[in-house]
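A quick write-up on the structure given underneath.
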Amino acid sequence: MSLVVLKLGGSVVTDKDEPETVDEDGLAAAADAVASLAASGQVVVVHGGGSFGHHHAADHGVSSATGTHDAVGVRAIHDAMKRLNDAVLDALAERDVPALPVHPLSAGARTEDGSLSLPLASTETMLAEGFVPVLHGDVIAHAGEGATIVSGDDLVVSLASGLGADRVGLCSTVPGVLDTDGDVIPEITAFEDAAAALGGSESTDVTGGMAAKVRKLLALGAPAHVFGPDGLSSFVAGESPGTVIRGE
Ligand SMILES: Nc1ncnc2c1ncn2[C@@H]1O[C@H](COP(=O)(O)OP(=O)(O)OP(=O)(O)O)[C@@H](O)[C@H]1O
Ligand SMILES: C=C(C)CCOP(=O)(O)O
């Protein structure tokens with residue numbers, strides 16, 4: 001059975017500029033897409049932080065590289081992400097998708113050099129038993145740093161390579177990776193293909209926006225599709241909306 005890893009960007013399922021606000025229409029469209037994928041194969045969902053995780057992370061001075069030993073701050077970030085995760089799980093349950101949470105804080109860790117170790121037993125067993133695991137960007141224990149942010153994009157890379165995903169999709173608010181004229185770049189095989197146009201994120205985003213996304217996906221070794229909400233149904237149908245990123 002084919003396995004799809006789908007990331008729902010925080011900017012798709014939340015209003016990124018209003019603290020802790022779900023974008024109900026964006027979430028509904030995303031949940032419909034997951035329901036269709038789950039009806040025809042295995043799917044692992046990952047969602048980003050949007051206005052839930054990033055504001056708390058910025059308030060506590062935590063990013064992917066800079067950590068904290070303040071447990072109160074770690075819990076504030078994690079609890080916000082659990083609230084968003086609950087909203088995603090609820091939307092999926094309303095569509096009869098057997099979705100279950102996997103919280104990276106309790107599952108994985110980072111070594112001193114920042115590499116992510118994400119044991120996959122819970123996700124794999126859930127899939128084998130017919131569930132749809134739903135992970136999320138989170139705060140995670142990091143050797144020598146206390147705890148740092150792990151982005152949904154990092155999780156997608158670990159999951160897709162560790163589980164041998166057949167297809168990877170990242171739904172963001174932009175229709176793909178854009179060039180300097182604002183047109184979608186159909187294919188990226190090297191960072192230089194898009195470097196001139198790649199910026200961070202327009203909203204509060206402690207994990208780096210589109211440039212970081214492209215770098216991580218190039219390292220994946222499997223094709224990854226970056227598309228906007230309008231590309232969701234085409235991705236579900238097996239087509240190739242937006243930008244495809246192929247690492248060498
Ligand atoms: N060349 C580019 N093409 C497309 N988007 C770009 C580009 N350069 C910068 N961006 C920014 O990257 C953003 C998408 O990355 P971002 O990390 O915010 O997406 P996301 O995955 O949807 O959100 P989150 O990180 O909350 O999950 C766009 O909204 C845009 O502001
Ligand atoms: C800010 C937090 C906690 C999660 C970040 O995940 P991302 O939005 O996928 O980069």
Side-chain angles (χ1 to χ4, degrees), residues 5 7-11 44 46-50 52-82 84-85 102-124 133 135-165 168 170 172 177 188 190-192 194-195 198-201 203-222 224 226 245-248:
V5 175
K7 182 188 170 196
L8 306 174
S11 46
V44 177
V46 178
H47 63 80
F52 285 74
H54 289 284
H55 288 277
H56 289 279
D59 284 352
H60 292 277
V62 185
S63 69
S64 309
T66 306
T68 183
H69 287 88
D70 172 19
V72 173
V74 171
R75 285 191 57 204
I77 301 164
H78 180 65
D79 289 350
M81 288 309 302
K82 282 200 297 190
L84 176 56
N85 189 245
V102 177
H103 301 301
L105 172 62
S106 310
R110 277 214 174 99
T111 56
E112 256 175 42
D113 69 1
S115 357
L116 174 64
S117 150
L118 183 72
L120 297 173
S122 58
T123 302
E124 260 176 332
L135 295 87
H136 53 85
D138 204 351
V139 64
I140 196 167
H142 185 150
E145 280 289 334
T148 53
I149 301 298
V150 60
S151 78
D153 299 339
D154 290 322
L155 298 170
V156 165
V157 171
S158 284
L159 290 161
S161 50
L163 299 170
V168 177
L170 290 100
S172 186
V177 183
I188 295 176
F191 192 73
E192 296 68 49
L198 284 172
S201 174
S203 329
T204 306
D205 191 322
V206 298
T207 49
M210 190 56 83
K213 208 182 292 300
V214 170
R215 274 194 202 287
K216 287 169 197 165
L217 295 172
L218 278 168
L220 184 58
V226 178
I245 299 176
R246 295 178 207 277
E248 329 264 20

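In this text the structure is predicted, and so the values were computed from the model without any measurement.
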Notebook entry, point to check: For the side chain of Arg110 and the backbone of Ile149, is there at least one donor-acceptor N/O pair under 3.5 Å apart?
Noted result: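 Indeed, once roles are kept as given, a pair shorter than 3.5 Å links the two residues.
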
Which heavy-atom pair separates [X] from [Y] by the least distance, and what is that distance?
X	Y	value
Leu159	Leu120	CD2-CD2, 3.7 Å
Val168	Ala165	CG2-CB, 4.3 Å
Ala147	Val62	O-CG1, 3.7 Å
Ala224	Leu170	CB-CD1, 4.2 Å

With sequence neighbours excluded, what pairs up with [X] under the side chain to side chain contact (heavy atoms under 4.5 Å, CB included) test?
X	answer
Ala141	none
Ala194	Val177, Ile185, Ile188, Leu198
Asp59	none

Notebook entry, point to check: For Lys213 and Leu217, what are the C-alpha separation, side-chain angles and deciding distance, and is it a side chain to side chain contact (heavy atoms under 4.5 Å, CB included)?
Noted result: CA-CA 6 Å; Lys213 208 182 292 300; Leu217 295 172; 4.2 Å; yes

Notebook entry, point to check: Residues two or more places apart in sequence or in another chain: which of them pass side chain to side chain donor-acceptor pair (under 3.5 Å) with Ser115?
Noted result: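 Here the qualifying residues are Thr111, Asp113.
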
Next item on the list: Report the C-alpha separation of Lys7 and Ser172 in whole Å, then their side-chain angles, then the decisive distance to 0.1 Å, and conclude whether the side chain to side chain contact (heavy atoms under 4.5 Å, CB included) test is met.
Entry: CA-CA 8 Å; Lys7 182 188 170 196; Ser172 186; over 6 Å; no

Checklist line | Sidechain N-carboxylate O distance under 4.0 Å for Asp70, Arg75 | finding: no

Notebook entry, point to check: Taking it one step at a time, do Ser158 and Leu155 satisfy side chain to side chain contact (heavy atoms under 4.5 Å, CB included)?
Noted result: CA-CA 5 Å; Ser158 284; Leu155 298 170; 5.7 Å; no

Next item on the list: Go through the structure and list residues passing ring pair (Phe, Tyr, Trp, His ring centres under 6.0 Å) with His136, not counting sequence neighbours.
Entry: His47, His103

Notebook entry, point to check: Tell me the side chain to side chain donor-acceptor pair (under 3.5 Å) pairs involving residues 137-147, sequence neighbours left out?
Noted result: His78-Asp138, His142-Thr148

Check: Can you tell me how far the OG1 atom of Thr68 sits from the CD1 atom of Ile77, to the nearest 0.5 Å?
Finding: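 So the OG1 of Thr68 and the CD1 of Ile77 are separated by 7.5 Å.
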
